[in-house]
Amino acid sequence: MSLSEVDVERIAHLARMQIADSDAAPYAKSLSGILDFVARMNAIDTEGVEPMAHPLHAVQRLREDAITENDQRDLFQAHAPLVQDGLYLVPRVIE
Amino acid sequence: MSAVHRKSIAELRAGLRAGEFSSAELARAFLDRIARFDPELNAYITVTEEQALGAARAADQRIAAGTAGALEGVPLAHKDIFCTLGVKTSCASRMLANFIAPYDATVVQNLARAGAVMLGKTNMDEFAMGSSNETSWYGPVRNPWKLSAVPGGSSGGSAAAVAARLAPAATGTDTGGSIRQPAALCGVSGIKPTYGAVSRYGMIAFASSLDQAGPIAASAEDLAWLLAAMQGFDARDSTSLDRPVPDYPALLQSAGDLKGLRIGLPREYFGAGLDGAVGAAVHEAIKVWERLGAKLVDISLPNSDLAVPAYYVVAPAECSSNLARFDGVRFGYRCEQPRDLMDLYKRSRGEGFGAEVKRRIMIGTYVLSSGYYDAYYIKAQKLRRLISDDFARAFKEVDVIAGPTAPETAFSLGAKAQDPLTMYLSDIYTIAANLAGLPAMSIPCGFAGDLPVGVQLIGNYFDEARLLGVAHRYQQETDWHRRLPEAFA
């Protein structure tokens, strides 16, 4: 598996993450190396093996559909980069 | 009051109750050691001095009133991955360098309820991604046994703090070895319990199907006290197990006889790649158990070599999903002057995350991207099943599995920083227990040259008490766990 710099830029875009132009080549190299290593998985035939998502085969617990949380908006927004009137501010999306 | 830093948790409990020293004096003694030694170790990101002294005075009052909890007045440190109300919780990332947690993690709450006094927050690899503590935004931690060497990771600050006795104990998390490998490299003890035993609520998520919290301390006996207080069902963690918490300290006392205990030695853990001197120290430890009556059984875990490849699909995939929440909008780092919303996301994440975190997010994004899911994530989950089945077969023949924790002793700072794959192989013996969800621990078993070696014990599900007992019997026969690096004695 060999990723190009263009692949790296595409993956970084999917991850919504800017990487410096000068980092694209080193990332292409290290990511390709990791994917080659990971490809060792293909040496094993796993036909018919059930994928394991949880070690103890537990299933999601359900609870009663009742309100359990208090309103802590002010507390949580105290940690936000930019808020106004109880709203999180981001650059204008709709003109 | 001399040498409180050399006392075990049981001795600290007894001393506090007997009035030999107060919790406030204990906290002061450890805070003084932190002030004296931490500038060269960098084990702490935040020291909560005022808070510690306040909590210690409150503990002293409860001891005097006869309402002391199990760990009343005992100081400890929390890995900076656990949310602590009103205290910076950075996960060693620039992304969270300004994050003051608005709530306590369940682990933090449970230990506080038991009376433990928080000294501060320990350094770690950024978002727990690393095996050397070199990916921290706050700089690397140094190994107390050799300042030019790494402490291991990702709980490197916790392990180094305990090794230098800048805290009697510390919390850690273990996704692929992050408690056991630094414990081994720093010459201390650490346990990763069964997946789901300890709540993950308020523990910043890396790979949710693997992450598990546990304690790091000098001895198995100390770990028993800590784990008993940390563990327990928590409705706020969807994978928390609803089971009673064993009385680990009491169960240790009945660990006495190992006669008939079957210890499995996986041949895959003693092959090429294991440093000779490390292997020799591990074999010496195994002989001690044999002398105590244990029976050694040669076993095979045939899919061992697939653990690291499968892990580097599962862990990055889950990390890329978990870290999607860091968007520069609701909390954490935001870039300056974003041009538009996309620019805000991209630069906040690009500037907020370090190189290794970005690498793993990209691997995860790639393996989960359209058309690749079955070839990578499902394939890795199938291998996870095979690895888990290997253990299930082994535990029909043996009671515990023993082997090395890490293939070598602490390596030099910078030695592997440029080569991710070499770094990933530091966890070659620890990752399988995470994939299978099994409890596993590391305890010190000697030295290779000047550096400590750890022996790993892996148990069947919920068999933490047995693991702690086997480790405790070893530590009754040996004194490796009492050794301190000279400069910090």
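Proteins get letters first, then strands, A, B, ... in listed order; numbering begins at 1 in each.
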>> Looking at chain B, which one of A/Arg61, A/Gln60, A/Arg92 has the largest number of heavy-atom pairs inside 4.5 Å, strictly under?
In response: A/Arg61

> With chain B, which of A/Val93, A/Val90, A/Leu56 has the greatest number of heavy-atom pairs at distances under 4.5 Å?
Replying inline: A/Leu56

Side chain, backbone, both or neither: which part of [X] has an atom under 4.5 Å from a heavy atom of chain A?
X: B/Phe391; result: neither
X: B/Asp237; result: backbone
X: B/Tyr461; result: side chain
X: B/Leu344; result: side chain
X: B/Leu368; result: neither
X: B/Ile100; result: both
X: B/Leu241; result: side chain

> Passes salt bridge (charged side-chain N to carboxylate O under 4.0 Å, His left out), B/Asp234 versus B/Arg236? Steps please.
Replying inline: CA-CA 5 Å; B/Asp234 181 9; B/Arg236 295 174 298 181; 3.4 Å; yes

> Does a donor on one side chain and an acceptor on the other come within less than 3.5 Å for B/Ser208 and B/Asn322?
Replying inline: yes

>> Whether the B/Glu126 and B/Ser93 side chains hold a donor-acceptor pair (N or O, under 3.5 Å, no angle test) is what I'd like checked.
In response: yes

> Is B/Arg243 positioned over the aromatic face of B/Phe462, cation under 6.0 angstrom from the ring centre and no more than 45 degrees off axis?
Replying inline: yes

